[in-house]
Amino acid sequence: MSELRKDPLLERWTLISPERGARPSEYLEDKIERAERPCPFCPGKERETPNEVLADRPDGSAHDTPGWRVRLVPNRFPALSLATQGPSRDEFFAVRPGVGVHEVLIETPDHEADLGTMGLEQATRVIGILRQRLAALAREPRLAYVLAFENHGAAAGATIEHAHAQILGLDFVPQAARAERSAAAERHAQTGKCPWCEWIERERAAGVRVVRDADGFFTACAYAPRFEYETWIAPVRHATSFEKGDEAQDAGLAAALTDAVGRLQTVLQHPAYNFVLHNAPCRSAETPSFHWHVEVLPRTARLAGFEWGSGVHIVAALPEEAAARLVEAGARA
């Protein structure tokens, strides 16, 4: 029997319809044909990217040479640039230059590794470099918001196979971030609790969607997911801004994120996925209503006419069943 679930914070609904999982399809699964060309993110190809901004180089090797463990470079095809100048607006058809930063975080020199397989030590380095860079960008006065995310797999929007995340710094706070922050403030005004602290408390009490609760981080399947097996990760201790954390936070998030991706890979046979860091705007003070967190979105379905037309997502798997399978996958590992 189908049911509608509302996201605990946002005005966003999900239609859970197990019957949809039995639909036949006349379409064959897409086969991604990869071009046989050298990977620009592999060691030895450093000159094929813009000059690195930041890198983890234990051997003291020179910039833009092999020897790195994690490498951050400007995007070769940036969506935004800080070099853009001059505001320009129209009363109705608003337009202005795309001011910002667009960078690529190359997570490992190993072309075959990803967050589910690279290991905790390497993942901790990745999270550490990400935190360092977001802290630096948060101090840039022309930026208002910095979004960090990963597209893994062609179905999730990746155009290069080598594991990498992206960082986009914007000179405005996007609508999705404003809506989430506003809803959190409204909920806090009603209850006196941070919504994500309350989420952890309530999910612990329910016990049916919890995937992992360790290393200072809490992981659970989303109550009203947009995709089957959608997973949320949040620090147990209240914190508004990711970049104000420390090395212990890096290690805890790396453990939670690699665990979540590894479980998804086991259950769903290495799906395409996105992870998105939901963070506070740049230079935000600590606030009792907003709590940074990460969403992991396995691309288990394609959005179609109903989703685009209604804003309501249809999923076939109950989150409680998804969580049980993910917990079992961890037990078998």
Side-chain angles (χ1 to χ4, degrees), residues 3-16 127 147-149 176-245 249 252-261 263-264 273-281 284 286-298 311-313 315 317-327 330:
E3 64 181 34
L4 280 162
R5 291 190 182 186
K6 181 183 177 294
D7 182 278
L9 188 62
L10 300 174
E11 282 292 331
R12 187 173 68 202
W13 289 84
T14 292
L15 175 58
I16 299 177
I127 299 300
L147 178 66
F149 63 93
R178 286 188 285 110
E180 186 176 60
R181 194 170 172 84
S182 176
E186 183 177 342
R187 177 74 180 174
H188 181 268
Q190 294 170 352
T191 66
K193 295 181 179 180
C194 160
W196 284 274
C197 292
E198 184 179 7
W199 171 70
I200 293 171
E201 177 185 318
R202 289 180 176 270
E203 287 290 8
R204 279 174 170 168
V208 292
R209 288 175 295 275
V210 179
V211 176
R212 184 179 185 272
D213 191 355
D215 302 308
F217 280 81
F218 183 82
T219 305
C221 285
Y223 172 75
R226 290 152 291 179
F227 297 92
E228 286 93 354
Y229 294 87
E230 178 178 340
T231 302
W232 293 3
I233 302 169
V236 173
R237 182 181 63 82
H238 181 84
T240 296
S241 300
F242 161 78
E243 69 274 10
K244 294 178 182 177
Q249 176 187 282
L253 178 57
L257 189 54
T258 55
D259 176 82
V261 172
R263 291 175 194 262
L264 289 168
Y273 65 85
N274 305 99
F275 85 70
V276 182
L277 171 64
H278 289 243
N279 201 21
S284 291
E286 190 71 17
T287 174
S289 63
F290 186 80
H291 190 133
W292 74 264
H293 54 286
V294 173
E295 295 179 353
V296 184
L297 306 162
V312 177
H313 290 247
V315 301
L318 283 164
E320 294 77 16
E321 294 176 358
R325 294 183 187 122
L326 293 175
V327 169

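Please read these numbers as outputs of a predicted model, since none were measured by experiment.
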To the nearest 0.5 Å, what is the distance between [atom1] on [X] and [atom2] on [Y]?
X    : Y    : atom1 : atom2 : value
W232 : R209 : CH2   : CZ    : 10.5 Å
R226 : E295 : CZ    : CD    : 4.5 Å
T219 : E203 : OG1   : CD    : 11.5 Å
E286 : H291 : CD    : NE2   : 9.5 Å
F227 : L297 : CZ    : CG    : 6.5 Å
H293 : I200 : NE2   : CD1   : 10.5 Å

Item to complete: Determine, stepwise, if the pair H313 / E230 fulfils side chain to side chain donor-acceptor pair (under 3.5 Å).
Response: CA-CA 12 Å; H313 290 247; E230 178 178 340; over 6 Å; no
Over all heavy atoms of both residues, which pair between [X] and [Y] is shortest? Give the atoms and the distance, please.
X    : Y    : result
P288 : C194 : O-CB, 3.2 Å
A260 : I233 : CB-CD1, 4.0 Å
D215 : A255 : OD2-CB, 3.7 Å
L147 : V276 : CD1-CG1, 3.8 Å
L10  : A179 : CD2-O, 4.0 Å
V312 : L15  : CG1-N, 3.9 Å

Do [X] and [Y] come within less than 4.5 Å of each other through their side chains, counting heavy atoms only?
X    : Y    : value
L264 : Y273 : no
I16  : P319 : yes
R187 : K193 : no
P8   : E198 : no

Item to complete: Report yes or no: is the cationic atom of R5 (NZ for Lys, CZ for Arg) under 6.0 Å from the centre of the six-membered ring of Y223, at an angle within 45° of the ring normal?
Response: yes
Treating [X] as the side-chain partner and [Y] as the backbone partner, does any N or O pair qualify as donor plus acceptor under 3.5 Å?
X    : Y    : value
D7   : R12  : no
S289 : A184 : no
S182 : R178 : no

Worksheet entry | Residue pair R263 / Y229, side-chain donor-acceptor N/O under 3.5 Å | no
Practice prompt. Go through the steps for F275 and L257 under the test side chain to side chain contact (heavy atoms under 4.5 Å, CB included), then give the verdict.
Written response: CA-CA 9 Å; F275 85 70; L257 189 54; 4.2 Å; yes
Worksheet item: Is the W196 ring parallel, tilted or perpendicular to the F290 ring (thresholds 30°, 60°)?
Response: perpendicular
Worksheet entry | Criterion side chain to side chain contact (heavy atoms under 4.5 Å, CB included) on Q249 and F217, from CA distance to verdict | CA-CA 9 Å; Q249 176 187 282; F217 280 81; 4.0 Å; yes
Worksheet item: For W292 and L253, what are the C-alpha separation, side-chain angles and deciding distance, and is it a side chain to side chain contact (heavy atoms under 4.5 Å, CB included)?
Response: CA-CA 12 Å; W292 74 264; L253 178 57; 3.9 Å; yes
